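Numbering of ligands and ligand atoms starts at 1, following listing order. Everything numeric in this text was worked out from a predicted model, so none of it was measured. Every heavy atom of this structure was used, including side-chain atoms; hydrogens, water molecules and symmetry mates were not.
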Amino acid sequence: MSLNDDPNRVIIFDTTLRDGEQSPGASMNLDEKLRIAELLAELGVDVIEAGFPIASNGDFEAVQEVSKLVKGPIICGLARSGRADIERAAEALAPAERRRIHTFIATSPLHMKYKLQMEPDDVHAAVIDSVAHARRFTDDVDWSPEDGSRTDPDFLCRCVEAAIRAGATCINLPDTVGYALPEEFGGLIRMLRERVPNSDKAIFSAHCHNDLGLAVANSLAAVEAGARQVECTINGLGERAGNAALEEIVMALRTRHDLMPYTTAIDTSVITRVSKLVSTITGFTVQPNKAIVGANAFAHEAGIHQDGVLKHAGTYEIMTPESVGLARSTLVMGKHSGRHAFREKIRELGYDLGENALQDAFRRFKDLADKKKDIFDEDIAALVDDAVIRRNDRIRFVSLQVICGSVGPQTATLELDIDGDRRATEATGDGPVDATFNAIKGLYPHTAGLKLYQVHAVTEGTDAQAEVTVRLEEEGKTVNGQGADTDTLVASARAYVNALNKLLVKREKTAPQAMIA
Ligand code: KIV
Ligand code: ZN
């Protein structure tokens, strides 16, 4: 992106796949990262930070595959200041049409003394060396002073000036621990732009964490102060309280264009789809009252509100649901709908399925139509997601029968297909879910512990499909499995089996501890 572009254009830098994934439990596999990256490109983000290549082979591969596959956005990889980090990032990014290296080092007194155990002059030298080294691989280098908001202003100016002189084209200011207040954070950006002699040679950027619930406010204050890039994540995913939520920043800029005359390249109608995809994959459900993407964000329950909205939407709606891609639930099809109509519907919902996945989804749709009277777009999306999630599974759900109720013991009879071999067993447990999971353990013994079991209804009504997330952990590795069905126990078994499949293919992907926030 050239510095001469529209001065009011804000670059949206998405770090869902890097900072977002650092959120404990939010790990994603390669296939999932690619699905998210493709949808981020459709959303219109300018930069995708796809991972931290030196952190693990899994991260390296994710950055490399996103670089090969995703066209449009700049693909970025994170690197500490060491040369090995930078070279690994450059290698992973090599296939990208447009690539960026994001290199960082901590600059606050606390981090330099206790974490890095380095003197400020040595940190300053590392800034110059890391940026200059990164420039050997790309002319697009983003530099961040980690814990920047708690850095001594004079030292911050010195490092920023050195980074720009060494070739950084973007200076990203992180509020690593989510400590800053909006006026203060905007003031820091303003100070850097005014005091650093070569500040006109770089784009300034904000990277705010949400520990005090101020990440979006701080990011907007940075934009008002002259930052023209915001680093953010879908649903505000990220370590601890998360990062600034992309959807909130973009919709605030769009809705209050009267006071903030800045633009982005985001197609806001994709927001709901990408939010849903990220929450399904990570198992991090969105709270109902979350701004923009919460289930209640556009729901008007109170009679007085409903009356007002019916008379004039503007009475209580500052944005339309359609602007974020939230179509009113539409009754789509029933048991008599054919393959052709189904294929059209799938396309309309934004999916691009291969023939096998399409046939599988169509079969599931027919089964669903036998069980459920009204089928909505959300139902189709849930069963297609389910088919896509499962396409490479080695362990497959076949059937389940459960005896439950107030008279025990609750008993599950389960059949699985493991590498093409059908196996069946029966198990009891403390309740039907426990019995079902015990049966899975009986057929496929493993030591993974259950860390999360979560159910939510895809639509309203007692015949709604249940969408279940199961999180398993084994030797520090975490995976999330998903399953959907009108029968909550079948959905639970599918989710557990999906998590087990992911454990089977999980690669070593542990980031160096205490390096990043
Ligand atoms: O929060 C932070 O400081 C970071 C940096 C790596 C930019 O994520
Ligand atoms: Zn961060």
Side-chain angles (χ1 to χ4, degrees), residues 11-24 26 47-56 59 63 74 76-82 85-86 88-89 100-112 114-116 123 126-127 130-131 134 140-151 155-156 159-160 163 168-180 185 188-189 192 202-216 218-219 222 227 229-246 249 511-517:
I11 296 167
I12 298 295
F13 176 117
D14 182 277
T15 182
T16 307
L17 300 180
R18 197 281 294 171
D19 215 333
E21 206 217 9
Q22 282 174 219
S23 189
V47 187
I48 296 177
E49 186 165 55
F52 186 6
I54 202 152
S56 69
D59 257 45
V63 176
I74 296 167
C76 177
L78 185 70
R80 289 167 298 182
S81 58
D85 273 48
I86 291 165
R88 193 79 175 134
R100 172 183 290 197
I101 295 178
H102 178 190
T103 180
F104 72 99
I105 188 165
T107 51
S108 67
L110 211 59
H111 279 232
M112 288 192 292
Y114 294 102
K115 192 183 80 172
L116 299 177
V123 168
V127 172
S130 57
V131 173
D140 187 347
V141 175
D142 192 335
W143 178 74
S144 292
E146 191 190 7
D147 206 16
S149 56
R150 294 192 301 169
T151 295
F155 185 60
L156 188 61
C159 288
V160 168
T169 45
C170 178
I171 298 294
N172 174 54
L173 185 66
D175 182 26
T176 303
V177 291
Y179 179 71
F185 195 72
L188 278 173
I189 296 281
L192 289 172
I203 289 178
F204 282 79
S205 166
H207 176 109
C208 299
H209 280 268
N210 205 30
D211 299 65
L212 293 174
L214 293 170
V216 170
N218 286 344
S219 305
Q229 175 178 286
V230 175
E231 299 199 0
C232 45
T233 59
I234 302 297
N235 299 338
L237 193 69
E239 284 220 73
R240 306 183 310 276
N243 287 68
L246 179 151
I249 290 167
Q513 290 303 303
M515 291 295 179
I516 42 178

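- The atoms of ligand 1 that sit less than 4.0 Å from any heavy atom of His209 are 1 (O).
- Side-chain contact, Glu239 with His209: no donor N or O sits under 3.5 Å from an acceptor N or O.
- Among Arg80, Glu239, Arg18, His111, the residue whose heavy atom sits closest to atom 6 (C) of ligand 1 is Arg18.
- Counting the atoms of ligand 1 from 1 in the order shown, those under 4.0 Å from a heavy atom of Asp19 are 8 (O).
- When the heavy atoms of Ile105, Thr176, Thr15, Leu78 are ranked by distance to atom 3 (O) of ligand 1, first place goes to Thr176.
- Residue Phe155 qualifies as enclosed at atom CZ: its count of foreign heavy atoms under 6.0 Å is above 12.
- The N, O or S atom of His207 lying closest to the Zn ion (ligand 2) is NE2.
- Of all N/O/S atoms in Asp19, OD2 sits nearest the Zn ion (ligand 2).
- Ionic pairing of Glu146 and Lys115 is present here: one or more N-O contacts between side-chain nitrogen and carboxylate oxygen are shorter than 4.0 angstrom.
- Among heteroatoms of the N, O or S kind in His209, NE2 lies nearest the Zn ion (ligand 2).
- Counting the atoms of ligand 1 from 1 in the order shown, those under 4.0 Å from a heavy atom of Glu146 are 3 (O).
- Remark: the backbone N or O of Arg80 is paired with a side-chain donor or acceptor of Thr103 at under 3.5 angstrom.
- The residues Asp147 and Arg150 are annotated as salt-bridged, a charged nitrogen and a carboxylate oxygen being separated by less than 4.0 angstrom.
- With Asp14 contributing its side chain and Ile48 its backbone, the two residues share no donor-acceptor pair below 3.5 Å.
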